[in-house]
Amino acid sequence: MSQKPRVRFAPSPTGYLHIGGARTALFNWLYARRHGGTFILRMEDTDQERSTPESVKAILDGLTWLGIDWDEGPGKEGPYAPYFQTQRLHLYRQYADQLIAEGKAYYCSCTREEIDERRKAAEAEKRAYKYEGTCRGQKTVPAGRTAVVRFQAPSGDGTLGFDDQVLGTITKPYADMDDFVMLRADGIPLYNFGCVVDDHTMDITLVGRGQEHINSTFPQLLLYRALGWTPPAFAHFPLILGPDREKLSKRKHPEADVMLHARNGVLPEALNNFVVRLGWSHGNEEVIQRPQMIEWFGFDHVGGTSGVWNPDKLTWLSQQYLKLLPPADVAARLRPFLLERGMDVPADARLEQVVLAFRERARTLVEMAEMARWVYSRGVSLDEKAATKHLGPEGRPVLDAVRAQLVALTAWETAPLDAVVKTVSEQLGVGMGKVAQPVRVAVTGNTVSPGIGETLAIVGRAEVLARLDAALAR
RNA sequence: GUCCCCGUCGUCUAGAGGCCUAGGACGCUGGCCUUUCAAGCCGGUAACACGGGUUCGAAUCCCGUCGGGGACACCA
């Protein structure tokens, strides 16, 4: 590659950042980082009805949470600013005028109603609709009317094609192309036109986007040619499908919301890993951390087949990262989830210990926070079934014996605490389970928890003794 | 309907003519470990859509059929 690549992610700010967009952004970002290029964020905010500042923020926040940073874009005004299409309207006007002057585009003063009628008529006759070109050649707006700017598609037997970096050669005959609207009467560009003008004026070298845009590549290619510009390279990524096998969409699939997963306590590293493996692979590697992702990523191993969203694998990955990341790091991320659940988390909350104790049992930060409930409570509420089974006549002497040992224990740590359980089981001549379970129930309220020594260590001496007493007193 | 893309276990995928009696991962499942639950370890389940070619040889190349998805706006 002779020049450093410049790639972009160009979402329209009409809602939250969705998974498909995040994956597109990630692939582009990875490509830029891999080749020492530039990753640009551009807001295609030309849909006046649906674009909102809140959505812009939501997208920025989503990307930030995922750790996808941009070199140019909102908040990072570079040499190609501005990065909002509504601030670039003069450019679209300028190039539209040029094409009209050259006879490559024209003012179309057909009304929407007229177009709609013809379209319906064509449908009724089961005939593919095509603009019939009644306004072709029109270089001015007829008096008393408004007009859009329409591009004149080529006719004849030609074929247009491009070499997709993922899919290979893709072609389409001229006969299947149609005159399309570039610019509305109010000067707002439509997707194909705005996209081309911006990609060219921003010196984009490669356009990476979802396969739903394959067909729009052709009108865009026509535009590049008419304008005398060299088109960038294209790479079309497979789609991400919902459980119903349809394209993941905001409307039908709640899981399409990137930040939903953040709220669910999935680690961003896990979501990145999951999403990058949907469509891309590197041999048999499953858990791939950022540096490796950057080193290995390439379009040659992006597939052409759409992938189905698999929540099980996402949560599995989430746990992998819970175990992989430094405990202190996980602890810092866990804290808000504990606070959110009303737990009192003091400064010396031994959060890292909690992470160590639960990371093999929890798959998300939410699960971890839920599991940690008994760690931060004053006293504990006993599960009735568990209490009946373990705190009855058989359990009481065990609790008494354990309590006596604990009071005398000097080092309140996992190993000596485990040793206490062992000693008591030998003393009373019963299995370890007969000792650990009553203690576990008394201290956590339930039959399931980390190892007993670890459990007692986390809860702390004073609180453990208090809970033992409470269990004995019932 | 027209055009475009795709088609390996339920899901994500490895596979670029012989290394494939098709490998890995998730899930499901049997076992081991074990003071509970996990985690971990060992094992099992399960796929080249179909039909024709090309070739000594095809999951891999070609054609057709079928299937899935996407695009057909003054949305992006």
Interatomic distance where [atom1] belongs to [X] and [atom2] belongs to [N] [whole Å]:
X: A:Leu417; N: B:rU35; atom1: CG; atom2: C1'; result: 14 Å
X: A:Phe180; N: B:rC3; atom1: CZ; atom2: C1'; result: 16 Å
X: A:Arg127; N: B:rC3; atom1: CZ; atom2: P; result: 16 Å
X: A:Arg359; N: B:rG40; atom1: CZ; atom2: P; result: 12 Å
X: A:Asn446; N: B:rA38; atom1: CG; atom2: P; result: 13 Å
X: A:Leu356; N: B:rA39; atom1: CG; atom2: C1'; result: 13 Å
X: A:Ile240; N: B:rU13; atom1: CD1; atom2: C1'; result: 15 Å
X: A:Ile452; N: B:rU35; atom1: CD1; atom2: C1'; result: 8 Å

With sequence neighbours excluded, tell me which residues meet ring pair (Phe, Tyr, Trp, His ring centres under 6.0 Å) with [X].
X: A:Tyr376; answer: none
X: A:Phe193; answer: none
X: A:Trp70; answer: none

Please tell me if the side chains of [X] and [Y] come closer than 4.5 Å, counting only heavy atoms from C-beta onward.
X: A:Leu260; Y: A:Asn264; value: yes
X: A:Glu286; Y: A:Arg277; value: yes
X: A:Val430; Y: A:Glu394; value: no

Report which part of the nucleic acid [X] touches: base, sugar-phosphate, or nothing (heavy-atom distance under 4.0 Å, all strands).
X: A:His390; answer: nothing
X: A:Gly279; answer: sugar-phosphate
X: A:Lys323; answer: sugar-phosphate
X: A:Ala436; answer: base

Taking only the [atom1] atom of each, what is the distance from [N] to [M] in whole angstrom?
N: B:rG43; M: B:rA25; atom1: P; value: 11 Å
N: B:rG7; M: B:rA16; atom1: P; value: 15 Å
N: B:rG68; M: B:rC62; atom1: P; value: 23 Å
N: B:rG69; M: B:rC74; atom1: C1'; value: 28 Å
N: B:rC26; M: B:rC41; atom1: P; value: 10 Å
N: B:rG1; M: B:rC61; atom1: P; value: 29 Å
N: B:rG10; M: B:rU45; atom1: P; value: 14 Å
N: B:rU35; M: B:rG30; atom1: C1'; value: 24 Å

In B/S/- notation (B base, S sugar-phosphate only, - none; protein heavy atoms under 4.0 Å), nucleotides 69-76 of chain B written 5' to 3' is SBS-SBBB
Expected string for nucleotides 18-34 of chain B under the B/S/- scheme (protein heavy atoms, under 4.0 Å, primed atoms plus P, OP1, OP2 as sugar-phosphate) is -----BBBSS-------
- Over 60° means perpendicular and under 30° means parallel, so classify the ring planes of A:Phe299 and A:Phe297, tilted if in between. perpendicular
If we call it a pair only when both distances are under 3.5 Å in a Watson-Crick or G-U wobble match, what pairs with [N]?
N: B:rG64; answer: B:rC50
N: B:rU34; answer: none
N: B:rC28; answer: B:rG44

Q.
What I want to find out is whether A:Asp198 reaches A:Arg42 closely enough, with some N-O distance under 4.0 Å, to be called a salt bridge.
A. yes
Item to complete: Could you tell me whether A:Glu123 and A:Lys126 make a salt bridge, using a distance below 4.0 angstrom between a side-chain N and a carboxylate O?
Response: no
Compare the minimum distances between each of [options] and the side chain of [X], then state the nucleotide with the smallest one.
X: A:Thr305; options: B:rA38, B:rU35, B:rG7; result: B:rG7
X: A:Asp176; options: B:rA39, B:rC3, B:rC4; result: B:rC3
X: A:Arg440; options: B:rU36, B:rA39, B:rC5; result: B:rU36

Taking the six-membered ring of A:Trp309 as reference, does the cationic atom of A:Arg23 (NZ for Lys, CZ for Arg) lie under 6.0 Å from its centre and within 45° of its axis?
no
Distance under 6.0 Å and angle within 45° of ring axis: A:Arg93 vs A:Tyr95 |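 No, cation not above the ring by the 6.0 Å, 45° rule.
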Sequence neighbours left out, what passes side chain to side chain donor-acceptor pair (under 3.5 Å) with A:Tyr16? Give chain and number order.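 Counting only residues at least two positions away or on another chain, A:Tyr16 forms no side chain to side chain donor-acceptor pair (under 3.5 Å).
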Closest to the 5' end of RNA chain B, once A:Ile214 and A:Gly307 are matched to their nearest nucleotides, is A:Ile214
(message) Taking 4.0 Å as the cut-off, does a side-chain nitrogen or oxygen of A:Ser281 come that near to OP1 or OP2 on B:rA14?
(response)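 Checking B:rA14 against A:Ser281, a side-chain N or O does come within under 4.0 Å of OP1 or OP2.
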